2 protein chains.
Amino acid sequence: MPRAGLDAATVTEAAADLADEIGLARLSMSLVAERLGVKTPSLYKHVDGLASLTHRVAVLGATEVGDRLRDAVQGVSGGEALAAAAQALRLFVKEHPGRYAATTGARPAGPDDPLGPALGRTLTSLEAVLRGYGLAEADRIHALRMLRSVLHGFATLEAGDGFQIDTDVDASFLWLIDFVDLGLRARASS
Amino acid sequence: MPRAGLDAATVTEAAADLADEIGLARLSMSLVAERLGVKTPSLYKHVDGLASLTHRVAVLGATEVGDRLRDAVQGVSGGEALAAAAQALRLFVKEHPGRYAATTGARPAGPDDPLGPALGRTLTSLEAVLRGYGLAEADRIHALRMLRSVLHGFATLEAGDGFQIDTDVDASFLWLIDFVDLGLRARASS
DNA sequence: CGCCTTGGCTAATGGTGTTAGCTACAAGCT
DNA sequence: AGCTTGTAGCTAACACCATTAGCCAAGGCG
């Protein structure tokens with residue numbers, strides 16, 4: 001029996017891909033093992049169990065989403081940055097619904113949990129977007145939460161087939177970005 | 001062995017309550033049976049299995065959310081209606097996270113699935129809210145999707161402990177409602 | 001070349017969801 | 001009332017899953 005040469009990262013990535021394909025809820029140790037050409041108990045040499053594996057997928061997803069947002073916001077500002085960040089997040093959720101579900105369903109388990117910083121990177125990029133609007137100090141946190149809410153809400157509704165297909169979802173998303181942009185600009189110097 | 005006198009509705013309600021308490025993901029046939037003082041296989045006399053039971057919980061949740069929104073919007077209009085609907089939805093999600101998760105995770109399985117109409121009632125109430133703003137015909141669908149997105153996003157993020165606790169979440173929600181209200185009013189007659 | 005860490009295995013356990021088939025309850029008829 | 005009958009809830013059984021214990025050989029390192 002030749003060795004498969006697995007480690008925690010490979011197992012996590014296989015699990016993440018599988019979750020994207022079949023949905024996080026249907027993720028199972030046996031399916032991950034099957035995909036890796038290995039018997040189920042072998043996974044426990046690299047990963048602590050299904051709950052722990054799901055947590056690792058969450059960290060992976062948070063990191064990747066953070067990367068995407070950082071890249072999207074890089075070099076642009078204002079409404080352009082808002083649109084870029086929004087589209088990047090939406091695209092990620094569409095491409096990786098399983099990772100995103102794991103990410104949003106997980107909470108940091110302690111002060112040294114890598115999930116905390118990973119999630120923080122997303123917030124950092126969104127804060128950078130908002131910085132371009134010159135909001136009052138007191139509005140910042142509320143605007144950030146509003147921004148997270150719209151983007152998260154739209155992306156998850158779309159990923160869950162929550163919108164009827166007959167009207168263009170892309171157009172709605174552009175409209176939404178414009179709506180938020182206008183609202184933020186109105187609050188710019190008030 | 002005296003009979004327990006169950007039916008599909010009682011089983012569904014017990015499942016919904018359980019889902020609210022322990023989370024939809026942890027809902028199981030055995031726990032529902034235990035709560036009803038019955039052995040697990042007995043449930044199959046009333047319900048088709050866990051998937052079907054979850055779907056019933058989704059229909060129940062959609063119906064209840066529809067009721068809450070209808071009541072909230074009743075007799076008010078404009079910004080008042082928006083605020084009432086928003087708070088009603090947010091409160092429902094906080095009180096019944098399991099039902100809401102089932103509702104948002106389910107799709108109608110066919111043309112005669114009661115989930116379709118049940119979900120439609122929520123949309124009807126939100127459309128009524130928007131009607132108070134006198135939007136252009138073309139903006140209606142986009143505004144509706146925006147509204148669903150913010151409310152759904154905020155509620156699910158809050159339910160998932162997605163917001164840091166140190167800043168007031170209630171204040172952020174009021175800020176969000178005001179943000180949406182201002183944006184919609186700006187588009188009123190344009 | 002041989003040690004020894006360790007990755008993957010088989011076997012076994014406890015917990016799920018689900019089906020089949022029995023039994024006795026309770027409603028309905030005469 | 002008593003008898004019949006549909007059926008609610010039961011036990012037994014099976015398949016599948018996550019998880020643990022213990023074995024055994026692969027392959028890096030001396």
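Letters A, B, ... mirror the listed sequences (proteins, then strands); counts begin at 1. Hydrogens, waters and symmetry mates are skipped; everything else that's a heavy atom, side chains included, is used. Treat the numbers as computed from the prediction; the structure is a model and nothing was measured.
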- Message: Quick check for you: among C:dC9, C:dG17, D:dA18, whose closest atom lies nearest to any side-chain atom of A:Val38?
- Response: C:dC9
- Any chance the rings of A:His96 and A:Phe92 have centres within less than 6.0 Å? yes
- Task: State which of D:dG9, D:dT19, C:dT10 makes the closest approach to the side chain of A:Lys39.
- Result: C:dT10
- Under 4.0 Å: is that the gap between some side-chain N or O of A:Ser42 and OP1 or OP2 of C:dG7? no
- Less than 3.5 Å between a donor and an acceptor, one on the side chain of A:Lys45 and one on the base of C:dG8, is that the case here? yes
- Query: So, the side chain of A:Asp113 versus the backbone of A:Ala109: is there a donor-acceptor pair under 3.5 Å, distance only?
  - Reply: yes
- Task: Could you state the atom-to-atom distance from CG of B:Leu43 to C1' of D:dG9 in whole Å?
- Result: 10 Å
- Hits for side chain to side chain contact (heavy atoms under 4.5 Å, CB included) against A:Lys39, two or more places apart or cross-chain, chain-then-number order -> A:Pro41, A:Ser42
- Message: So if I take residues 8-30 of chain B and measure heavy-atom distances to DNA chain C, which residues fall below 4.0 Å?
- Response: B:Ser28, B:Met29, B:Ser30
- Message: Looking at A:Glu80, I want to see if its CD is surrounded by more than 12 non-hydrogen atoms of other residues, nucleotides or ligands under 6.0 Å.
- Response: no
- Message: Once you measure the plane-to-plane angle for A:His152 and B:His152, does it fall in the parallel (<30°), tilted (30-60°) or perpendicular (>60°) bin?
- Response: parallel
- Query: Rounded to the Å, how far apart are B:Tyr44 OH and C:dG21 C1'?
  - Reply: 16 Å
- B:Leu36 CG to D:dA8 P, in whole Å, measures 14 Å
- Out of C:dT18, D:dA18, C:dT10, which nucleotide sits closest to the side chain of A:Pro41? C:dT10
- Can you tell me the distance, in whole Å, between the NE2 atom of A:His55 and the P atom of D:dA18? 19 Å
- Message: Rounding to an integer number of Å, can you tell me how far A:Leu50 CG sits from D:dT20 P?
- Response: 12 Å
- Query: Can you check whether A:His46 has a side-chain N or O nearer than 4.0 Å to OP1 or OP2 of C:dT6?
  - Reply: no
- Neighbour count >12 (heavy atoms, 6.0 Å) for atom CZ, A:Arg107: yes
- Message: Is the shortest side-chain heavy-atom distance between A:Val65 and A:Arg121 below 4.5 Å?
- Response: no
- Query: Which sits closer to the 5' end of DNA chain C, B:Asp48 or A:Leu6, going by the nucleotide each is nearest to?
  - Reply: A:Leu6
